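Heads up: the structure comes next, in structure tokens.
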2 protein chains.
Amino acid sequence: MSETDLSPSIEEKDRTSGELDEGDRLKPEFVRAVLDAVEAGDAETAYERVEPLHPADIADLIELTPAEQRPDLVESIGSLIDGEVLSEMNDWVRDELIDALDPRQLAGMAAELDTDDAVAIIEDMEEADQQAVLNALSPDDRAAIVEALSYPEESAGRLMQRELIAVPEHWTVGDVLDYLRGSDELSSDFWEIFVVDPGHRPVGTCQLSWILRTPRIVSMTDVMKREQTLIPVDMDQEEVALRFQKYALISAAVVDSGGRLVGQVTVDDIVHIISEEAGEDILRLSGAGEGDINEPVRLAVRTRLSWLIVNMGTAIIAASVVGLFQSEIAAFALLAVLMPIVSGMGGNAGTQTLAVVVRALATNQITDSNTWWMVLRELRIAAANGTALGAVAGIGSYLIYGNGPLSIVFAAAMVINNLAAGLGGVVVPITLDRLRIDPAVSSAVFVTTLTDVMGFFSFLGLAALSGVAG
Amino acid sequence: MSETDLSPSIEEKDRTSGELDEGDRLKPEFVRAVLDAVEAGDAETAYERVEPLHPADIADLIELTPAEQRPDLVESIGSLIDGEVLSEMNDWVRDELIDALDPRQLAGMAAELDTDDAVAIIEDMEEADQQAVLNALSPDDRAAIVEALSYPEESAGRLMQRELIAVPEHWTVGDVLDYLRGSDELSSDFWEIFVVDPGHRPVGTCQLSWILRTPRIVSMTDVMKREQTLIPVDMDQEEVALRFQKYALISAAVVDSGGRLVGQVTVDDIVHIISEEAGEDILRLSGAGEGDINEPVRLAVRTRLSWLIVNMGTAIIAASVVGLFQSEIAAFALLAVLMPIVSGMGGNAGTQTLAVVVRALATNQITDSNTWWMVLRELRIAAANGTALGAVAGIGSYLIYGNGPLSIVFAAAMVINNLAAGLGGVVVPITLDRLRIDPAVSSAVFVTTLTDVMGFFSFLGLAALSGVAG
């Protein structure tokens, strides 16, 4: 789909020049200067300033612009917003922009891109817009994108680009060089050459550096490596990312159910997924949904509020445990002072274990082979931490209040709740994972409910039993 | 450093065969079979089963083996553990293994690797072991590694490989091909060719695919792209990773302070860093330190316990707020039942905001240009959520207890604490980030202390003021 461009782009300038700070972020002065020009109606100045930027920086500029000023900015820098800029842009900001653009204009942008980037833009559009863009594309491009859209969301089929170099087994290195030099239609965004059999099934792969280092007369089958990591077209993108990571891949062939080569995935698309997937867990664990700062406030409220309401339900369950001991608390209000320490420390310990286990699950480090070892490991840590915290709690409270039985109850509850936290922190996410429920999303509710209930119940219950409260 | 190997490796077999499950993890049956053979003293069977595995899978196998069985496994599969396996291995497991291996053997493994992988293995060794391995290396390899070790830890200098292809400006594509084909010493792990001036400063870069598509007579300066992303040798690896991600790089030139080309960083090394850095925040935010499941229990206890002790201090501060209202609680124990709901909901809301902000900071999405917008955004969300939760709390508690003043106090405290949580959740991490303190490590303590103190104080204080408690 993309035109071959071997000449240096004259539009690109030095990227480390004045617009960026040391962290590759656009400097606030620069952003302000551009927006001032836009506001003053000086589109020409705005255009000139933005023109030297890399597409990724133009995307950043649009993201950093307050939503109400974006339409004016977009109008000023118009043609600088091409397909590359769109594909670098945050999903929410892009959706908003796409709504404002003409389908014909969008089709032009999509046609410049490799299938994977074009699909990323088109897949989020509304049905009608999608159809309008597809109609404006050339038949070839349209067929490619319609096919990509037929694969499930977040699968290798959506992620892959159809542009790739595949050559027959009987070719020599010289044949490949002649083929590559002879055709103007080929993509130049490839990192390996796939060798295929007559049924278009991959039989080997060849890094470009191997070809460059090999004389023309050598047969491709003598240069290629027969073993290669193949990606099934319906594989989930998270699995694809883990596979790239594990085998340090730069690109990989995508095959359909018949084993035929249908596309390739390149690592630059994977890098975004790895970062997203790894960063996502922190947001899920805290119930912040996607947690994207560009998500409209209305949607962020909806996601977070539903999580908070669930947590309110569990907080009420925990509070009802406290409710069972109202007479003890009325008789001895100090219990109400100490009880949040027990529940809170259990919550902290449980969250630690949870974070470790959720991360280990996400990176495929926990398998059937080491599940029990993992549970035992966390219990040992919980026992050590619980004992230490119990000792501190017991001795500290005795020094302050001089009430021996109370201090023993406080210390014992601390130990019990830490063990519950350690056990829950490892068993809950592993169990959810086995049930194919995302442990990052659901674990925290269960674990903090457990530590709250256990914290209140063990402390107040022991206090009631031991007669401290009487 | 690495020998050029253009022929297909006969050791590698089909990776999707019986040993792996659909998530590319070693099957428990396979691990058990290998360990059974090791235990039975049948080293030959163990070796034969492990031999077909990819180095990354051999590393996984060793990680999945219980620590006490590892020495026997290592003895059985001996020579299969090469430098590649070591460089794929978890740091903790590798350190343990390195202690058990002979420096001469390690030097042999290091010599097979590119500088970056060799450095990754050697940098974690103890001084004496490091020296022993360095002494056993060839002078060239030694010099390369000593130089790499002279750069700061986690800098581009440690991450880069010195092996790269650099050619002078006056060469043609044909010259490059002849050079590459003529020398056996060159690495074959490269994805672009750097064009340098006589002072060895990069003047342009050329993707291999461009060279393959260009006739021999064309000058390199006509194929190369002049603009390229250069990595300063002392740049922090996290910044390098963000730069790779932002500009979708496959490899990039590393330059010293004089602008001379000293190495290259390739994306396969970056992928690990992106995953680690993105995953790290969840562990830091929960005070789980590195959170590696292979970290010895003793060290995990130390890290987590010190965080728990800090949290105990803050829990005591919050509890002392409750202590101020003991007489109110003794008079009206229901206050003790409801107060953890107020503090807990604030904690949940604060954690949501914190997760979103920490993630946005880590991905460079928050700059001076949008800080205020971000603070306002979170306050708007907090106001909406606080109002909703306050309404639920007020109405719900009224239906249960029928105590109007109590319900109003409960609802008002909920709103106040949600606003405090939203404000703290965004201001604390951004402030810490400005002070160059890692917001992921320290934010949670401040925010949860704030929400606990504000929760107890607003609820109990309003209850005392309003006379509900009397």
Side-chain angles (χ1 to χ4, degrees), chain A residues 6 8 12 25 28 31 56 64 180 188 190 208-210 212-213 225-227 245-246 248 267-268 271 274-275 278-279 281-283 286 288 291 293 297 300-301 304-305 311 315 319 322-323 326 329-330 333 336-337 341 344 348 351-352 355-356 359-360 364 367-370 380-381 384-385, chain B residues 6 8 12 25 28 31 56 64 180 188 190 208-210 212-213 225-227 245-246 248 267-268 271 274-275 278-279 281-283 286 288 291 293 297 300-301 304-305 311 315 319 322-323 326 329-330 333 336-337 341 344 348 351-352 355-356 359-360 364 367-370 380-381 384-385:
Chain A
L6 299 178
E12 278 187 78
R25 289 169 294 221
V31 176
L64 287 172
L180 290 175
S188 59
F190 58 94
L208 301 189
S209 59
W210 304 344
L212 286 170
R213 308 215 37 212
K225 195 173 71 167
R226 287 190 186 275
E227 290 67 35
Q245 223 177 320
K246 178 164 183 182
V267 71
D268 52 317
V271 156
I274 291 174
S275 166
D281 282 347
I282 192 178
L283 299 163
S286 62
I293 65 169
V297 167
V301 167
R304 294 201 210 167
L305 189 57
N311 273 277
V322 180
Q326 285 186 65
I329 290 171
V337 177
I341 303 182
N348 287 325
T351 306
Q352 287 181 335
V356 171
R359 186 74 195 122
N364 268 351
T367 75
D368 288 340
S369 309
N370 63 352
R380 283 168 64 200
I381 296 175
N385 284 344
Chain B
L6 299 179
E12 277 187 81
R25 289 167 297 216
V31 176
L64 286 173
L180 291 175
S188 58
F190 58 94
L208 301 189
S209 59
W210 304 344
L212 285 171
R213 309 214 36 210
K225 195 172 71 166
R226 287 190 185 274
E227 289 68 37
Q245 221 178 319
K246 179 166 181 179
V267 71
D268 51 320
V271 156
I274 292 173
S275 167
D281 283 347
I282 191 179
L283 298 163
S286 61
I293 65 167
V297 166
V301 167
R304 294 201 212 167
L305 189 57
N311 273 279
V322 180
Q326 285 187 63
I329 290 172
V337 177
I341 302 182
N348 287 327
T351 306
Q352 287 181 335
V356 171
R359 187 74 196 124
N364 269 348
T367 76
D368 288 340
S369 310
N370 62 352
R380 283 169 63 200
I381 295 175
N385 284 344

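The model shown is predicted, which means the values in this text are computed figures rather than measured ones. Chain letters run A, B, ... following the sequence lines, proteins first, then strands; residues in each count from 1.
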Looking at A/Pro28, A/Ala315, A/Ala288, A/Gly291, which has the largest count of heavy-atom pairs under 4.5 Å with chain B? A/Pro28
Side-chain donor/acceptor of B/Arg213 to backbone N/O of A/Leu180, under 3.5 Å: yes
So do B/Asn370 and A/Val31 actually touch side chain to side chain, heavy atoms under 4.5 Å? no
Could you report the tightest heavy-atom contact between B/Ala319 and A/Ile341, atom names first, then the distance? CB-CD1, 3.7 Å
With rounding to the nearest 0.5 Å, note down the distance linking CD1 in A/Ile329 to CD in B/Gln326. 11.5 Å
Give, as side chain, backbone, both or neither, the part of A/Val271 having an atom under 4.5 angstrom from any heavy atom of chain B. both
For the atom pair CG (B/Leu283) and CD1 (A/Ile282), what is the distance rounded to the nearest 0.5 Å? 9.0 Å
Partner chain B: residue of A/Val322, A/Asp368, A/Leu212 with the largest heavy-atom pair count (under 4.5 Å): A/Leu212
Closest approach of A/Gln352 and B/Ser286, non-hydrogen atoms and distance? CG-O, 3.0 Å
Looking only at heavy atoms, the pair that brings A/Ser209 and B/Leu208 closest together is N-CD1, 3.6 Å
Measure distances from A/Arg304 to the heavy atoms of chain B and classify the residue's part below 4.5 Å as side chain, backbone, both or neither. both
Using a 4.5 angstrom heavy-atom cutoff, name the option from A/Thr351, A/Asn385, A/Asp281 with the most pairs to chain B. A/Asn385
Heavy-atom proximity to chain A below 4.5 Å, by part of B/Val301: both
From the list A/Val267, A/Ile274, A/Asn311, A/Ile293, the residue making the most non-hydrogen contacts under 4.5 Å with chain B is A/Ile293
Note: vs chain B, highest number of non-hydrogen pairs under 4.5 angstrom among A/Ala248, A/Ala355, A/Gly344, A/Ser275 is A/Ser275
Sort out for me which of B/Asn348, B/Leu64, B/Asn364 touches chain A most, counting heavy-atom pairs under 4.5 Å. B/Asn364
Could you check which of A/Ala300, A/Ala330, A/Ala384, A/Ala360 has the highest count of heavy-atom pairs closer than 4.5 Å to chain B? A/Ala330
